[in-house]
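Worksheet for the structure shown next.
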Protein chains: 2
Amino acid sequence: MESQPTFRALADATRRDILVMLRSKEMTIAEVAENFDMTRAAVKKHLTVLSDGGLITVRAQGRERINAFNPAGMAPVLDWLTFFDAFWDDRLNDLKSAIEKDAT
Amino acid sequence: MESQPTFRALADATRRDILVMLRSKEMTIAEVAENFDMTRAAVKKHLTVLSDGGLITVRAQGRERINAFNPAGMAPVLDWLTFFDAFWDDRLNDLKSAIEKDAT
DNA sequence: TTTATATGAAACCTTTTGGTATTACGTCAA
DNA sequence: TTGACGTAATACCAAAAGGTTTCATATAAA
């Protein structure tokens, strides 16, 4: 699996913000663009990069394009991070409890 | 905490490779450079980016600079990833077992 | 059918990035 | 002290990245 496009997609703050937004709700390009101080064309470029990185899926609905967060796209990043066992070992409990707390 | 420099540092494949190398052994700039087909100056730039991202620490030892992996530098990335609870929920068991297996 | 809307796509611009080459500086060893 | 060595710093270059503008196309609505 080619992880480079995924890491590249996450390297930009705007794209990370888009992902956080899409995490809770699917959105059209125009809807995403409303949240940023840039043109729709620029936002569309970011969405393309996110799609190339496998982090979102895009489906057509009439003349609109529905962008949705794709959790599975995170896999390459997670796989890479598992190289750092000691780090994860220290952090795993914190992470787990954070998730469990959030699931309350 | 400013996470942008950390995400940026991880966006380049050469820098990720350097991190994997430093994970098991501290190295001077020249030692790191031996493993890549580029000049020491280029490698040094990558090390500077990694340092800016908090992913490595650098200490002087005579005329040499010892570069060491800094696990704590991963924190911003991990913190950001915890936004995606559902994803982590699906993957947590796999990750945990992978780590436990590796610790054998 | 006309017209407005949502997106796609290309051309263009500026800044950043990844790389080289060159030069200077501090340190170790003979 | 005199080189040799490891690194720092600078100038420079090509390509990629992030953005805008403009125009074309497809669909929705009047």
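Everything numeric in this text was worked out from a predicted model, so none of it was measured. Note on naming: letters A, B, ... go to the chains in the order of the sequence lines (proteins, then strands), and numbering restarts at 1 for each one.
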Do any side-chain nitrogens or oxygens of T39(B) fall under 4.0 Å of OP1 or OP2 in dT20(C)? yes
May I ask you to evaluate whether R40(A) reaches the phosphate of dT22(D), defined as a side-chain N or O under 4.0 Å from OP1 or OP2? no
If you pin G62(A) and D37(A) to their nearest nucleotides in DNA chain D, which one's is more 5'? D37(A)
Between dG19(C), dA17(D), dT20(D), which nucleotide has the shortest distance from any of its atoms to the side chain of K45(B)? dG19(C)
Taking only N and O in the side chain of H46(A), is any of them less than 4.0 Å away from OP1 or OP2 of dA17(D)? no
Pairing of R65(B) and E26(B) as salt bridge, 4.0 angstrom limit: no
Could you say whether I29(B) or V49(A) is positioned toward the 5' end of DNA chain D, judged by the nucleotide with the nearest heavy atom to each? I29(B)
So, is R65(B) close to the dA8(D) phosphate, meaning a side-chain N or O under 4.0 Å from OP1 or OP2? yes
Would you say the side-chain atoms of S51(A) pair up with the backbone N or O of L47(A), donor to acceptor, closer than 3.5 Å? no
Go through the structure and list residues passing side-chain contact (heavy atoms from CB on, under 4.5 Å) with Q4(A), not counting sequence neighbours. E2(A), R8(A), A13(B), R16(B)
Can you tell me which nucleotide in dG19(C), dG6(D), dG18(C) comes closest to the side chain of A42(B)? dG19(C)
Could you check K44(A) against R63(A) and say which one's nearest nucleotide on DNA chain C is further toward the 5' end? R63(A)
Would E34(A) and R40(A) pass as an ion pair if we require N to O under 4.0 Å? no
Using whole Å, what does the distance between atom P of nucleotide dT5(C) and atom CD of E34(A) come to? 14 Å
Look at R15(A) and dA17(D) and indicate whether a side-chain polar atom (N or O) is within less than 4.0 Å of OP1 or OP2. no
Rounded distance (Å) that lies between atom C1' of dA8(D) and atom CG of L47(B): 13 Å
